[in-house]
2 protein chains.
Amino acid sequence: MRIRIEDVAAAAGVSMKTVSRVLNNEPNVREEMRERVMQAVTELQYKPNPSARSLAGQRSYSVALAYNNPSRNYMMEVQNGMLEACHASNYNLFLAAVSLGRERVADIQGLFRNFGPDGVLLIPPLTDDKLIIDELEKMGVPFACIAPKNAAGRIGVAMDETTAVLELMAKLVELGHTRIGHIKGAAAHGACRWRFDGYRKGLQNAGIEFDPELVVQGAFSFESGCAGAQELLDLRKPPTAIFAANDDMAAGVIRVARERGLNVPGDLSVCGFDDTPISRHIYPSLTTIRQPTSEMGRLATLELLARIKSPEAGRMLRVDHALVMRESTQAPSRR
Amino acid sequence: MRIRIEDVAAAAGVSMKTVSRVLNNEPNVREEMRERVMQAVTELQYKPNPSARSLAGQRSYSVALAYNNPSRNYMMEVQNGMLEACHASNYNLFLAAVSLGRERVADIQGLFRNFGPDGVLLIPPLTDDKLIIDELEKMGVPFACIAPKNAAGRIGVAMDETTAVLELMAKLVELGHTRIGHIKGAAAHGACRWRFDGYRKGLQNAGIEFDPELVVQGAFSFESGCAGAQELLDLRKPPTAIFAANDDMAAGVIRVARERGLNVPGDLSVCGFDDTPISRHIYPSLTTIRQPTSEMGRLATLELLARIKSPEAGRMLRVDHALVMRESTQAPSRR
DNA sequence: TTGTAGGCGTTATCAT
DNA sequence: ATGATAACGCCTACAA
């Protein structure tokens, strides 16, 4: 038979409520009582029933991670950070895959129909999905975002991506590059715009004229990086360096360059963004910008948990980036 | 105010229990009743309270994915498959990161203290972690495994990895390789042994004598693949082909080969195992063995859910593999 | 500081 | 086939 709080109370010779107080770290309990209770808990191996706690306490002690981000490495990093924060607070993290089509709102509704988390964690591009956001706000569910396009009134965490790219561009210019191509990310992500802005401002700072021909649309996927690279390298006057808006696309650029017999970085410098493991696993290894991805997951979760506890709490945090120079960049060769 | 089952019952002019019966697809309800109830449910937008359901029903409608597998790509694939199966059954999938040290048992205990899943999904190397397994069995919690070393009495899903490697070896031999190196995986995984067995039997089938010098220990990580490659390529008579026990390690081999100025596959053929995205993203792309990873996650979950419903149900399933020939293998060059 | 009573919203039991 | 009532195990409010 399962041990209940009542049994613990009896064993310790106190009331149920006192046991409850001890277990939940509430004030107004004498040290002696606390010890007596804890001893009984240990002896009986008492484990509170989560469902009962949730039912009586009107909350589930769980948050949902809603995702449809296709980058596995990125996802797993963020998820690990979130999980760490949740477990540290004895919160449960459960998964909610959100589909891409119009039924995605139904996915969110199903989430609450079946499970009812106390809050939701959003990752791009869901952070800017109007239907999803509206639905959550309508239901009055707290949510936190990672790198939302529109941060106004939101809580979570973001990075100054534009500045990060600015620094990268300065490096490329310093190396001597003047013809620098850019493969954009998927437009639904804020990152697409921020990184593009960094690219443009970087050119501007260096006094290099912006050439629209050197910018192609990608989608954050390896394949789109390949396609973008083909386009850029087919130009009559191809770039000597390409900045792809993430590592996966940069890996695509390197692949295409090698297929074409180009030497990276000898003939073409390549850089990415994110510092995912692939940046170290490919050859040459990739110059990129490090996001503290896991830490961002952790911090966003802490903000969400804070807001769950009190509707006033929770802010939009900023984290730092770092430029990581590796093998894929060098001065352009004279041709 | 929240709508309760009582309100639905009143609106439909039936008892609470009838509503419950309809909602849970129980028998013994007239079609007319069913329709009346469903209409009331829709009108009132009734959503059952998960905690109450769990408390009264003595189950949580959730399973935990316990993991400490370091391969992000693999994990994410498995996880996606599991999530699909869970959602299809209106089950919740929550995450449980398990640490590596001795406190890992405490992690599992904490899992049940705080959340109490109805079952647990295990991924290597946890599938063969005696402490974990013992703890779960002691608690009487159903669990399913992906690719456990010891499948006796277990439910879940596995693949015939030895046969898969045998086919791969036959291909290498057919290409003309006779000096084939192998980098083993971490010994805690069943995969380490199965793949090594395939390697040995492959040699045997081809009448090639086994040379222990050609086998080095790895750990399934990119870095261990690099180290293993260095070792093998430093041999006085280095191999003309290397079979690494997974894709990450094979990527390490390719990286090292290129650093040493070796041409892959011209000077060295390389193959991996798993068919993770990296096998397509590196250059040259990798010959490897495809596991239906996501499908395995899905199937293992279905078996677990079956067992949760009835203690008799649930089996150990087998799934098929496929050999994927890409750019990293060819006939050895005459030197 | 500690204890008592009642309710959280569902499912299970046992009648009818 | 349907319904009344009692669990389920904990927490909140209020009383002492």
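Any value given below was found using the heavy atoms of this structure, including those in side chains, with hydrogens, waters and symmetry copies removed. Letters A, B, ... mirror the listed sequences (proteins, then strands); counts begin at 1.
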Residue met sooner reading DNA chain D from 5', once B/Ala56 and B/Val14 are mapped to nucleotides: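 Per heavy-atom nearest nucleotide, the more 5' residue is B/Val14.
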Residue closer to the 5' end of DNA chain D, B/Gly13 versus A/Asn49 (nearest nucleotide):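 In this pair, the answer is B/Gly13.
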Side chains of [Y] and [X]: any donor to acceptor distance under 3.5 Å?
| X | Y | result |
| --- | --- | --- |
| A/Gln79 | B/Gln79 | yes |
| B/Ser15 | B/Thr18 | yes |
| A/Asn80 | A/Ser294 | no |

Short side-chain N/O contact from A/Tyr61 to OP1 or OP2 of D/dC11, under 4.0 Å: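 Answer is no, no contact under 4.0 Å.
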[X] (side chain) donor-acceptor with [Y] (main chain) under 3.5 angstrom:
| X | Y | value |
| --- | --- | --- |
| A/Asn68 | A/Leu100 | no |
| B/Asp128 | B/Pro148 | no |
| B/Arg307 | B/Ala313 | yes |

Charged N-O contact under 4.0 Å between A/Arg36 and A/Glu32: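 Looking at A/Arg36 and A/Glu32, the cut-off is met.
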Taking the side chain as C-beta and beyond, is there a heavy-atom pair between [X] and [Y] under 4.5 Å?
| X | Y | value |
| --- | --- | --- |
| B/Asn25 | B/Arg34 | yes |
| A/Gln39 | A/Glu35 | no |
| B/Glu295 | B/Asp320 | no |

Atom pair distance, as rounded to whole Å: [atom1] in [X] and [atom2] in [N]:
| X | N | atom1 | atom2 | result |
| --- | --- | --- | --- | --- |
| A/Arg59 | C/dG7 | CZ | C1' | 16 Å |
| B/Leu55 | C/dG7 | CG | P | 17 Å |
| B/Arg4 | C/dT11 | CZ | P | 14 Å |
| B/Gln58 | C/dG9 | CD | P | 19 Å |

Within residues 28-36 of chain A: residues closer than 4.0 Å to DNA chain C (heavy atoms):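 Contacting residues: A/Asn28, A/Val29, A/Arg30, A/Met33.
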Terminal axes of the helix from C/dT1-D/dA16 to C/dT16-D/dA1 (five pairs each): angle between them, nearest 10 degrees: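 Inter-axis angle at the ends, rounded: 30°.
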Which nucleotide in D/dC8, C/dT10, D/dC11 has an atom nearest any side-chain atom of A/Arg53: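 The answer is D/dC11.
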Within residues 15-27 of chain A: residues closer than 4.0 Å to DNA chain D (heavy atoms):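 Only A/Met16, A/Lys17, A/Ser20, A/Asn24 qualify.
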Check against salt bridge (charged side-chain N to carboxylate O under 4.0 Å, His left out), A/Arg4 and A/Asp7: CA-CA 5 Å; A/Arg4 292 158 309 167; A/Asp7 306 320; 3.7 Å; yes
Sugar-phosphate, base or nothing in reach of A/Ile5, heavy atoms under 4.0 Å: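 Contact class for A/Ile5: sugar-phosphate only.
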